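Note that ligands are numbered from 1 as they come in the structure, with each ligand's atoms numbered from 1 the same way. Residues take their numbers from the sequence shown, with the count starting at 1. Since we're looking at a predicted model, the values are computed, not measured.
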Amino acid sequence: MAGGGQTWQKDAADQNFDYMFKLLIIGNSSVGKTSFLFRYADDSFTSAFVSTVGIDFKVKTVFRQDKRVKLQIWDTAGQERYRTITTAYYRGAMGFILMYDVTNEESFSSVHDWCTQIKTYSWDNAQVILVGNKCDMEDERVISYERGKHLADSLGLEFFETSAKENINVRAVFERLVDMICDKMSESLDADPGLGAKGTRLTDSAQPSGVNCNC
Ligand code: GTP
Ligand code: MG
């Protein structure tokens, strides 16, 4: 189960990291969420499509801004029938990768709905990046870079086009998301200096101060 309550605290049992961030990858079925995660975590890609059942996760530790950050990355099923299960994991997520497929108009039209899901089920201050995946498929592209960027701007989101297949911008998306979360966390620690040394949060609070929960 998702350990949303522990995401901001330093895990006493494992001193090998400074922070643990819980991230979610969401979007319609077949946009490439699982492929994106496998490319990032294992540097592998397969063209076979095995639709995710429910939810799965991988862990990866990265160094950002002098901190060792353990990423718990949840890969959700895009299929509608798993929606009740997957939205249960939104709570406590600090970052979302909201993905569509540049060759699939319907997946692009669904971005608004996915945003509504984030607003409904996650923290107000969760960081979100919009990702247009499969940018290697130029011949079958139906969503231009400009349309994607325009939508991202209108929703106030950062934007990347990626390819899990050709390994384009995959790491860049995760690095940017981690930086956005680190920045947000510094802001909330600055706003509440009583928490102790900057960058070390040892409380059991389920969420950072300054973050409004709309659950
Ligand atoms: P659900 O688990 O059903 O929600 O789908 P998903 O979003 O996890 O999709 P998945 O990663 O399983 O990929 C679907 C299909 O798209 C697979 O056949 C992948 O090989 C293919 N695919 C994923 N990413 C890319 C990409 O960047 N380029 C190309 N050309 N194909 C991709
Ligand atoms: Mg999948």
Any N or O of [X] that comes nearer than 3.5 Å to an N or O of ligand 1?
{"X": "G32", "value": "yes"}
{"X": "A77", "value": "no"}
{"X": "T52", "value": "yes"}

Hey, is [X] close enough to [Y] for a salt bridge, meaning N to O under 4.0 Å?
{"X": "R64", "Y": "D179", "answer": "yes"}
{"X": "K119", "Y": "D124", "answer": "no"}
{"X": "R147", "Y": "E105", "answer": "yes"}
{"X": "R68", "Y": "D18", "answer": "no"}
{"X": "R141", "Y": "E138", "answer": "yes"}

Determine whether the side chain, the backbone, both or neither of [X] has a heavy atom under 4.0 Å from any heavy atom of ligand 1.
{"X": "K134", "result": "both"}
{"X": "T34", "result": "both"}
{"X": "A48", "result": "backbone"}
{"X": "N133", "result": "side chain"}

Notebook entry, point to check: Yes or no on side-chain contact (heavy atoms from CB on, under 4.5 Å) for V62 and Y40, after CA distance, side-chain angles and deciding distance?
Noted result: CA-CA 11 Å; V62 296; Y40 180 60; 3.2 Å; yes
Give the numbers and elements of all ligand 1 atoms closer than 4.0 Å to a heavy atom of [X].
{"X": "F45", "result": "20 (O), 22 (N), 23 (C), 24 (N), 25 (C), 31 (N), 32 (C)"}
{"X": "M137", "result": "29 (C), 30 (N)"}
{"X": "D136", "result": "26 (C), 27 (O), 28 (N), 29 (C), 30 (N)"}
{"X": "S51", "result": "1 (P), 2 (O), 3 (O)"}
{"X": "G78", "result": "1 (P), 4 (O)"}
{"X": "S163", "result": "27 (O)"}
{"X": "K33", "result": "1 (P), 4 (O), 5 (O), 6 (P), 7 (O), 8 (O), 9 (O), 11 (O)"}
{"X": "T46", "result": "19 (C), 20 (O)"}

Notebook entry, point to check: Just checking, is any N or O donor in the side chain of N28 or S107 under 3.5 Å from an acceptor N or O on the other one?
Noted result: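 Judged by distance alone, the side chains do not pair up.
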Item checked: Side-chain H-bond candidate by donor/acceptor type, S51 with Q79, under 3.5 Å ->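 Judged by distance alone, the side chains do pair up.
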Margin query: Quick check: closest heavy atoms across C135 and E161, and the distance to 0.1 Å?
Written below: CB-OE1, 3.8 Å
Identity and distance of the protein heavy atom lying nearest [atom]:
{"atom": "atom 27 (O) of ligand 1", "result": "A164 N, 2.8 Å"}
{"atom": "atom 5 (O) of ligand 1", "result": "S30 N, 2.9 Å"}
{"atom": "atom 18 (O) of ligand 1", "result": "S47 O, 2.8 Å"}
{"atom": "atom 11 (O) of ligand 1", "result": "S35 OG, 2.6 Å"}

Check: Do you see an N/O/S atom of S51, backbone or side chain, under 2.8 Å from the Mg ion (ligand 2)?
Finding: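 S51 does not place any N, O or S atom closer than 2.8 Å to the Mg ion (ligand 2).
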Check: So does T34 have any N/O/S atom less than 2.8 Å away from the Mg ion (ligand 2)?
Finding: yes
Margin query: If the test is ring pair (Phe, Tyr, Trp, His ring centres under 6.0 Å), which one of F96, Y90, Y89 qualifies with W74?
Written below: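 Answer after filtering F96, Y90, Y89: Y89.
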Check: What's the verdict on salt bridge (Lys or Arg N to Asp or Glu O under 4.0 Å) for K134 and D101, showing C-alpha distance, side-chain angles and the deciding distance?
Finding: CA-CA 6 Å; K134 306 195 189 180; D101 170 353; 3.2 Å; yes
Next item on the list: Start with the C-alpha distance between R176 and E158, add both sets of side-chain angles, then the distance that settles side-chain contact (heavy atoms from CB on, under 4.5 Å), and finish with yes or no.
Entry: CA-CA 9 Å; R176 181 66 195 128; E158 300 225 3; 2.8 Å; yes
Margin query: Could you go through Y100 and S110, starting from their C-alpha distance and side-chain angles, then the distance that decides it, and tell me whether this counts as side-chain contact (heavy atoms from CB on, under 4.5 Å)?
Written below: CA-CA 8 Å; Y100 67 89; S110 300; over 6 Å; no
